[in-house]
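Here is the structure we will look at.
Below, read A as the first sequence line, B as the second, and so on, with proteins coming before strands; counting in each chain starts at 1.
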2 protein chains.
Amino acid sequence: MAIELKPTEALKLWHDVNLDLVRDGETDLTTRQMTILLTIYLDPPPHTVRGLAKKLAVTKPVITRALDTMGKAGLVTRRRDEADRRNVIIQRTVQGSLYLDRLSDLIIARAHALRP
Amino acid sequence: MAIELKPTEALKLWHDVNLDLVRDGETDLTTRQMTILLTIYLDPPPHTVRGLAKKLAVTKPVITRALDTMGKAGLVTRRRDEADRRNVIIQRTVQGSLYLDRLSDLIIARAHALRP
DNA sequence: ATAGGCTAGTACGCGTCCGAAACGATCGGG
DNA sequence: CCCGATCGTTTCGGACGCGTACTAGCCTAT
């Protein structure tokens, strides 16, 4: 059965999850970074810089910079594509998986609490 | 009836809505700014800088700067509290309401599309 | 072999955000 | 009437993201 949300519920869900992210303090991902991270973990690989840039409708440097930042945080890894060394394959990490596990727990809990 | 989401659904919902926001291009709100905006429109007034700072567990300059930015974008307004002129009351605007209307439409559509 | 195309990354200048500290304005109790 | 407390803002140096333009490496067809 489809998920039917009322406008107030939709906004409250968005608010509550964002509030948790802000309060957490740990996280400081841009909307773009968050979208990239989720794309890497939800869409089937392989993931390349130009592929992500096209999907998000942003320029390549945006992807490169986001990968730099998230790579430093251990959320993703880069590897040269040996078949075509121009390409860079973006890979998942254990730490990134754990981060998204926590995120999904958070969303599920907030969605569940919408209707007490 | 409560809203039950599976982990993959939760992450996909989060991804899809963020993707829409990124692709839109118009919006460029920080997680903090988004949370502040939603708080102003969902929680009962009055809203003050220190109140928002306490709720989000951030410092006051963060709130001031976010209000500067969103004020320039026409999403919120500030007004002195005449009863206690130390306070600043943060108010909603028509433009802010419209922005959140569009956001809720987006979330509702993406939630609905989760289970085709 | 080489020219032209792809790929990802880098350089630059600009704007914005950050945390910490300090500031001016305002209130309220003694 | 003052003096301490409270409120919001400003300032400072530093970090980061942005778009544009350019670079360096790789591949492929001629």
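- Within the structure, the salt bridge (charged side-chain N to carboxylate O under 4.0 Å, His left out) test picks out the following pairs touching residues 42-60 of chain A (sequence neighbours left out): A:Asp43-A:Lys55.
- Contacts of A:Leu106 classified as side chain to side chain contact (heavy atoms under 4.5 Å, CB included), with partners at least two apart in sequence or in another chain: A:Val17, A:Asp20.
- Reading DNA chain C from its 5' end, the first and the last nucleotide to sit under 4.0 Å from a heavy atom of chain B are C:dC17 to C:dC27.
- Here B:Leu98 is tied into one hydrophobic group with B:Val94, each link being a pair of ILVMFWY side chains closer than 4.5 Å.
- Under the 3.5 Å distance criterion, the side-chain polar atoms of B:Glu9 are left unmatched by any main-chain donor or acceptor of B:Arg115.
- Between the side chain of B:His47 and the backbone N or O of B:Ile40 there is at least one donor-acceptor pair closer than 3.5 Å.
- With a cutoff of under 4.0 Å to any heavy atom of chain A, the contacted region of DNA chain D is bounded 5' to 3' by D:dG17 to D:dC27.
- Residue pairs meeting the salt bridge (charged side-chain N to carboxylate O under 4.0 Å, His left out) criterion with at least one partner in residues 74-83 of chain B, sequence neighbours excluded, are B:Asp68-B:Arg78, B:Glu82-B:Arg85.
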Please report, to 0.1 Å, the donor-acceptor pairs under 3.5 Å made by any side chain of residues 29-37 of chain B, with sequence neighbours excluded.
from    : atom 1 : to      : atom 2 : distance (Å)
B:Gln33 : OE1    : B:Thr30 : N      : 3.0
B:Thr35 : OG1    : B:Thr31 : O      : 2.7

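- Proximity of B:Leu75 to B:Tyr99: side-chain heavy atoms (C-beta onward) are separated by under 4.5 Å at one or more points.
- Summarising the local packing, CG of A:Asn87 is surrounded by more than 12 heavy atoms from other residues, nucleotides or ligands at distances under 6.0 Å.
- The side chain to side chain contact (heavy atoms under 4.5 Å, CB included) test applied to B:Thr8 returns no partner, not counting sequence neighbours.
- At least one side-chain heavy atom of A:Ile108 sits less than 4.5 Å from a side-chain heavy atom of B:Pro7.
- For residues 34-56 of chain A, proximity to DNA chain C is found at A:Thr48, A:Val49, A:Arg50, defined as any non-hydrogen atom under 4.0 angstrom from a strand atom.
- Listed by chain and residue number, A:Asp84 satisfy the salt bridge (Lys or Arg N to Asp or Glu O under 4.0 Å) test with A:Arg86 (two or more places apart in sequence, or in another chain).
- Side-chain contact between A:Arg110 and A:Leu114 is absent, with no heavy atoms from C-beta onward closer than 4.5 Å.
- Across residues 71-86 of chain B, B:Asp84, B:Arg85, B:Arg86 each have a non-hydrogen atom less than 4.0 Å from an atom of DNA chain C (numbered order).
- Between B:Asp28 and B:Pro61, the one whose closest nucleotide on DNA chain D sits nearer the 5' end is B:Pro61.
- The rotation axes computed at either terminus of the helix from C:dA1-D:dT30 to C:dG30-D:dC1 lie 10° apart, taking five pairs at each end and rounding to 10 degrees.
- With A:Thr93 contributing its side chain and A:Gly74 its backbone, the two residues share a donor-acceptor pair below 3.5 Å.
- Of all heavy-atom pairs spanning B:Arg92 and B:Pro45, the tightest one is NH2-CD, 3.8 Å.
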